[in-house]
Undergrad: 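Have a look at this one before I ask anything.
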Amino acid sequence: MNPDLPPDTSTDAPSASGTPQPVQPIPPAQPVQPVQPIPPAQPVQPVQPVRRRVVRDEAGDRRRSALADARLYVCVDLSRGLPELLDFAEAAFRGGVDILQVRDKHAEARAEVEALRALRPVAEAHGALLAANDRADVAVLAGVDVLHLGQGDLTTEDARALVGPEVLVGRSTRTIEQMREAEADPGIDYFCTGPVWETPTKPDRAAIGLELPRAAAELASTSQAPTPFFAIGGIDVGRVPEVREAGAERIVVVRAVTAARDPEAAARALRDALVREV
């Protein structure tokens with residue numbers, strides 16, 4: 001062996017036993033898989049707004065039917081004890097009151113809920129409607145038929161989000177613009193116009209006279225499906241003819257019934273004046 005040549009490192013070199021090792025064949029190359037094309041991007045679909053489906057049930061139909069027939073709406077506070085309040089409600093409903101609202105700006109929410117819960121079976125027994133004032137939470141907890149809102153209270157949309165579609169929602173109005181907004185609002189079931197005359201129950205509100213209920217009646221005469229409206233403020237049995245002459249066939253009263261010695265007789269006199277032929 002020539003000492004100047006590098007050693008032979010081929011795989012044919014003999015092993016330690018002197019036997020040549022076979023050369024391992026190189027495996028064939030795997031076929032290259034074609035690259036799959038990237039599919040084109042799908043167009044982004046616009047997000048559709050969620051629309052609340054209004055489903056009316058028997059309770060809602062009953063309430064709207066009762067509202068359509070309603071003429072006399074009475075508001076009462078919680079200054080009397082619960083037993084006396086229940087006696088008053090019985091008498092008022094016997095006299096022809098269609099809607100009774102508990103309205104007491106000084107009462108705690110718990111007292112309102114308890115009173116309304118106690119009044120519910122009384123109202124139901126007479127086929128009348130029971131209303132909460134201002135507070136949607138009280139209306140929901142007490143399970144009333146009606147929620148009445150002032151101009152500074154919840155929007156109709158927010159109120160509906162809490163009470164749902166089956167509770168009737170009313171709104172107070174004291175200007176032509178507010179009245180027209182209430183008439184055009186699909187979430188409002190009725191509205192009130194006033195105060196027609198000055199009343200101690202609204203000492204900070206100037207009387208607006210019969211102009212507003214007259215405008216509401218004119219607007220209703222041009223509508224295929226007019227929203228019911230009530231005249232409110234200082235109305236007693238002697239003023240009912242003036243109210244009706246202005247075009248209002250529904251009224252809200254407080255003292256004319258709540259301050260009467262005989263609430264049943266007072267309510268009956270008001271109702272008779274409202275339905276009497278003119």
Undergrad: May I ask you to check whether over 12 heavy atoms, not counting those of Glu124, lie within 6.0 Å of atom CD?
TA: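 Atom CD in Glu124 is crowded, with more than 12 foreign heavy atoms closer than 6.0 Å.
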Undergrad: Going by heavy atoms in the side chains, are Leu274 and Glu249 under 4.5 Å from each other?
TA: no
Undergrad: When Ile, Leu, Val, Met, Phe, Trp and Tyr are grouped by side-chain heavy atoms lying under 4.5 Å apart, directly or through other members, which residues fall in the same group as Ile99?
TA: Leu67, Tyr73, Leu129, Val146, Leu168, Tyr190, Phe230, Ile232, Val252
Undergrad: Under the rule for salt bridge (charged side-chain N to carboxylate O under 4.0 Å, His left out), what residues qualify as partners of Arg94, not counting sequence neighbours?
TA: Glu264
Undergrad: List the residues meeting salt bridge (charged side-chain N to carboxylate O under 4.0 Å, His left out) with Asp158, not counting sequence neighbours, and say none if there are none.
TA: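 Counting only residues at least two positions away or on another chain, Asp158 forms no salt bridge (charged side-chain N to carboxylate O under 4.0 Å, His left out).
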Undergrad: Which residues satisfy the salt bridge (charged side-chain N to carboxylate O under 4.0 Å, His left out) test with Asp98, sequence neighbours excluded?
TA: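 With neighbours one apart ignored, the set is Arg271.
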Undergrad: Do Leu219 and Phe229 sit in the same hydrophobic cluster, where Ile, Leu, Val, Met, Phe, Trp and Tyr count as joined when their side-chain heavy atoms come under 4.5 Å apart?
TA: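 They do share one cluster, since a chain of ILVMFWY contacts under 4.5 Å joins Leu219 to Phe229.
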Undergrad: Going by side chain to side chain donor-acceptor pair (under 3.5 Å), Arg171 matches just one of Thr156, Thr227, Asp185, Asp189. Which one?
TA: Thr156
Undergrad: Do Leu85 and Leu78 have side chains that approach each other closer than 4.5 Å (heavy atoms only, starting at C-beta)?
TA: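 Yes, their side chains come closer than 4.5 Å.
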Undergrad: More than 12 heavy atoms of other residues, nucleotides or ligands under 6.0 Å from CD of Glu198: yes or no?
TA: no
Undergrad: With the side chain counted from C-beta on, respond yes when Arg103 and Asp134 share a heavy-atom pair under 4.5 Å apart, and no when they do not.
TA: no
Undergrad: Please enumerate all residues that pass side-chain hydrogen bond (donor to acceptor under 3.5 Å, both in side chains) together with Glu90, with sequence neighbours excluded.
TA: His126
Undergrad: List for me each residue that meets salt bridge (charged side-chain N to carboxylate O under 4.0 Å, His left out) alongside Arg239, sequence neighbours excluded, and say none if there are none.
TA: none
Undergrad: Would you say that Thr258 contacts Arg80 through its side chain, given a criterion of any heavy-atom pair below 4.5 Å between the two side chains?
TA: yes
